[in-house]
Structures are given as C-alpha cells and as structure tokens.
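Comments concern the structure below.
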Amino acid sequence: QVQLVESGGGLVQAGGSLTLSCAASGRAASGARRVGWFRQAPGQEREFVGAIDWSVGRTYYAASVKGRFAISGDDAKNTVYLQMNSLKPEDTAVYYCGTSRYSGSNFYSRSQYDYWGQGTQVTVSS
C-alpha cells in the first residue's frame, strides 16, 4: 500500500511559488521523527533539499534553497509541506519526500530515510 503520497508539483514561472505536500501513512508515518525533501535534477544525483524534525519543529535546508524554501508540518494530518518561493530554473527536478526514524545530524543523507514517496515533477520555466 502507498505510504507516502506527494502532490503539488507542476509548472511555474521563474520567480514564482509552489507548495508541495507529502502525506504519510502506515509504517511511513508510525514512529517517524524526521521528514526530508530531496530532489533529482536531470543529469544529477538525488540531493538534499530540506528536512523537519516533528517533535521540535526544527528545520534544515540546503544552502541552495535556504531563504527561499520553507518546510512545515501538520501532525494531525501527517502531512509535510515544502513551500518554494523565488523559484529558479535550476530548481527544476523531481522532488521526493522521505520519512526517517532517525533524528541525528545526518539529515542530509539519503540513507537516513526509510520510506520514500513516488516523486513529483517541478518544472520552473525561464
């Protein structure tokens, strides 16, 4: 069964905004302490975008998106949001949501996350 459902991807103009959501259920939600966002651009490997720790609401961001992106969560809905502002063409990628039972310092590592969503395409036109 589906554990993570992502939505909100699409086309947006450079400088515009877009909000992605990731709804977790089942094992992907149970015991999850951290939710991370990663993206994979054409010709590149999957890279860390940001993460949020559920218990304390602490967020982490990659340098490339810090100040432009914001992560928030709704624990009642088991949903995490990635609000993207001032989008650039270089933000074009498939965005993935992952959940983790870890809450250590390696929030940027793909290996930390146990479950992943299907990915949603974000395309920023210039």
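Only this structure's heavy atoms are used, side chains among them; waters, hydrogens and symmetry mates stay out.
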(message) In terms of relative ring orientation, are F107 and F48 parallel, tilted or perpendicular, with 30° and 60° separating the classes?
(response) tilted

(request) State, with a plain yes or no, whether a side-chain heavy atom of E47 is found less than 4.5 Å away from one of R39. (result) yes

(message) Between E6 and C97 (side chain of the first, backbone of the second, donor and acceptor by atom type, cut-off under 3.5 Å), is there such a pair?
(response) yes

(request) Check R101 against S30 and note the closest heavy-atom contact, atom names and distance. (result) NH2-O, 3.0 Å

(request) Considering non-hydrogen atoms only, spot the tightest contact between A14 and S126 and give its length. (result) CB-CA, 4.3 Å

(request) Starting at OG of S55, measure out to CG of D75 and round the result to the nearest 0.5 Å. (result) 10.0 Å

(request) Verify the cluster assignment for V122 and L82: are they in a single hydrophobic cluster under the rule of side-chain heavy atoms below 4.5 Å apart? (result) yes

(request) Give me the ring orientation class for F69 and Y95: parallel if the planes are under 30° apart, tilted from 30 to 60°, perpendicular past 60°. (result) tilted

(message) For a salt bridge (charged side-chain N to carboxylate O under 4.0 Å, His left out) check, start with the C-alpha distance between R68 and D91, then their side-chain angles and the critical distance, and finish with the verdict.
(response) CA-CA 11 Å; R68 299 189 297 119; D91 294 318; 2.7 Å; yes

(request) Would you kindly say whether S103 and D53 are connected by a side-chain donor-acceptor distance under 3.5 Å? (result) no

(message) Is the terminal nitrogen or CZ of R46 (NZ for Lys, CZ for Arg) located under 6.0 angstrom from the six-membered ring centre of Y96 and within 45° of that ring's axis?
(response) yes

(message) Please tell me whether V5 and W54 are part of a single hydrophobic cluster in this structure, the criterion being side-chain heavy atoms less than 4.5 Å apart.
(response) no

(message) Count I, L, V, M, F, W, Y as connected when their side-chain heavy atoms are under 4.5 Å apart, and connections chain through other members. Are Y61 and Y81 then in the same cluster?
(response) no

(request) Look at the side chain of Y108 and the backbone N and O of Y60, then say whether any donor-acceptor pair between them is shorter than 3.5 Å. (result) no

(message) On a heavy-atom basis, which atom in V94 and which in Q121 lie closest, and how many Å separate them?
(response) CG2-OE1, 3.3 Å

(request) Would you name the heavy atoms of T99 and A32 that are closest together and state the gap between them? (result) CB-CB, 4.1 Å

(message) I'd like to know if the side chain of S100 reaches the main chain of Q112, judged simply by a donor and an acceptor atom lying under 3.5 Å from each other, with no hydrogens or angles considered.
(response) yes

(request) Give a yes or no on whether the backbone of A70 and the side-chain of Q83 come within a donor-acceptor separation of less than 3.5 Å. (result) no

(request) Name all residues meeting the side chain to side chain contact (heavy atoms under 4.5 Å, CB included) criterion together with S109; count only those two or more places apart in sequence or in a different chain, and write none if there are none. (result) N106, S111

(request) Identify the two heavy atoms, one from T92 and one from A41, that lie closest to each other, and give their separation to 0.1 Å. (result) O-CB, 3.5 Å

(message) Using every non-hydrogen atom in the two residues, find where Y113 and A51 come nearest and quote the distance to one decimal.
(response) OH-CB, 3.6 Å

(request) Just do the side-chain contact (heavy atoms from CB on, under 4.5 Å) check on W37 and I52 with the steps written out, would you? (result) CA-CA 9 Å; W37 286 95; I52 183 171; over 6 Å; no

(message) Looking at R34 and G104, would you say the former's side chain and the latter's main chain have a donor-acceptor pair under 3.5 Å?
(response) yes

(message) Using modelled atom types and a 3.5 Å cut-off, is there a donor and acceptor pairing between side-chain atoms of T79 and backbone atoms of K77?
(response) yes

(request) Kindly check if the number of other-residue, nucleotide or ligand heavy atoms within 6.0 Å of OH (Y115) is above 12? (result) yes

(message) Within this structure, what is the CE-CD1 distance for the pair M84 and I71, rounded to the nearest 0.5 Å?
(response) 10.5 Å

(request) Measure the OG-CG distance between S7 and L20 for me, rounded to the nearest 0.5 Å. (result) 8.0 Å

